[in-house]
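Each remark here refers to the structure printed beneath this line.
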Amino acid sequence: MTPDISVVIPVYNEEAGLPQLFARLYQALDVLGRPYEVVFVDDGSADRSVAMLREQYERRPDVTRVVVLARNAGQHKAILAAFQHTRGRYVITLDADLQNPPEEIGRLVAQLDQGADYVGTVRVSRHDVLWRKAASRLMNRIREGTTSIRITDQGCMLRGYARSVVDAVNHCTEVSTYVPALAYTFARHPVEIEVSHAQRLVGESKYSLFRLIRLNFDLMTGFSVAPLQFFSMTGGLIALVSLILVLVLLVRRFTVGPEAEGLFTLFAIAFFLIGVTLMGLGVVGEYVGRIYEQVRQRPRYTVAAVLGGENADGGDAPRLPPPAAAAMPAALPGVTVPAGRE
Ligand code: UDP
Ligand code: MG
């Protein structure tokens, strides 16, 4: 039977919080009284997460699927991997650390029932460290100004999508992306609701400052060419002003004579221009990097195993390959292996 609701949860080293998640999530979904499935995607965890997900699959095989990635691909790529294995009319994404209360799922589903095909969320009182909240506010503002994506709180991953939107996302082949933004570009009736937010119960955030910056680069360069335009325009403006300065100095050279004191002004100007050029180069590099990633056409992630789904209906109980086999490309679907090596 096609489930009404598919809940997608990326899991990366979350062993400490999984028991609580299982308890609250399944309880919250059971009370909705609608057919559902939970698709966990293990994003290359090194702790007991995979074993715990397998135990949960054995407890509730009817409504559980587990996609195990061979390596850590990142939250958004992991979600894309899980999307490929969802069957529900609606797909809800949720973090594994219970910062998004699973009890809110019903409210997202209600919006989807009413015809929305994208349910965004705004965290009313966000429980994260101060610098993260400030950085998010800034990034939200920059994204509002430079892209056509209108989402109030881009960081909240508790979101609902209709099947049509998920299918469209599944057709996208770009390597790195930001799922809520990509999905938004396919939505015809997006809505937003307010949801509560809790502190991370156990464990710590999997995002370092560097990973957050990378993620925001994906968002900015993936959905806007504004950074490029900004640099070409300011570059042009600075070149024009410098040209005027050169002309002024040239005229001065013939009327007043050479100016020695101006030497340091020139240094300053030169350094300023070098700085601007380097930054501009960096921005161009971001885009070239994305193009490079794209033309290589490497798979975004490699799936080591899938528990549940089609296999579950058949006789054989699907088993996870031993860790050594999981790392071998030959075991992975979608990866071409030269003849003779299989
Ligand atoms: N996550 C993941 N892969 C990663 C990083 C995070 O699957 O490389 C998962 C993580 O297990 C959690 C969710 O993404 O379920 C959000 O991560 P986290 O809570 O660390 O981020 P934060 O809430 O600090 O933004
Ligand atoms: Mg979190």
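Remember, it's 1-based here, ligands and their atoms both numbered in the order they're listed.
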Open item on the list: Minimum distance, heavy atoms only, to atom 13 (C) of ligand 1: which one of Asp95, Asp128, Ile79, Leu94 is it?
Closed with: Asp95
Task: Heavy-atom proximity to atom 8 (O) of ligand 1, best of Lys206, His76, Arg211 - done: Arg211
Task: Side-chain ion pair, Glu192 and Arg159, N-O less than 4.0 Å - done: no
Task: Derivation of the ring pair (Phe, Tyr, Trp, His ring centres under 6.0 Å) call for Tyr184 and Tyr161 - done: CA-CA 9 Å; Tyr184 181 91; Tyr161 310 104; over 10 Å; no
- [ ] Indicate yes or no: does Arg123 engage Asp153 in a salt bridge with an N to O separation below 4.0 Å.
- [x] yes
Open item on the list: Starting from atom 17 (O) of ligand 1, what is the nearest protein heavy atom, named by residue and atom, and what distance separates them?
Closed with: Tyr207 CE1, 4.1 Å
- [ ] State the atoms of ligand 1, each with its element, that fall below the 4.0 Å cut-off from a heavy-atom position in Arg200.
- [x] 18 (P), 19 (O), 20 (O)
Task: Note: Arg34-Asp113 ion pair, threshold 4.0 Å (strictly below) - done: yes
Task: Closest approach of any protein heavy atom to atom 24 (O) of ligand 1, naming residue and atom - done: Ser205 OG, 2.5 Å
Open item on the list: Given the Mg ion (ligand 2) as the apex, I'd like the angle to OD2 of Asp97 and OE1 of Gln99, rounded to 10 degrees.
Closed with: 100°
Open item on the list: I need the atoms of ligand 1 closer than 4.0 Å to a non-hydrogen atom of Arg132, numbered in the order shown.
Closed with: 22 (P), 24 (O), 25 (O)
Open item on the list: What I want to find out is whether Asp117 reaches Arg188 closely enough, with some N-O distance under 4.0 Å, to be called a salt bridge.
Closed with: no
Task: Gln99 contact mode with ligand 1 (heavy-atom cut-off under 4.0 Å) - done: side chain
Task: Test: Arg141 and Glu144 ion pair at under 4.0 Å - done: no
Open item on the list: Could you check whether Glu14 pairs with Lys206 (Lys NZ or Arg NE/NH1/NH2 to Asp/Glu carboxylate O, under 4.0 Å)?
Closed with: yes
- [ ] Could you list which atoms of ligand 1 come closer than 4.0 Å to a heavy atom of Asp97?
- [x] 19 (O), 23 (O)
Task: Ligand-side contact atoms (ligand 1) for residue partner Glu14, heavy atom cut-off under 4.0 Å - done: 10 (C), 11 (O), 12 (C), 15 (O)
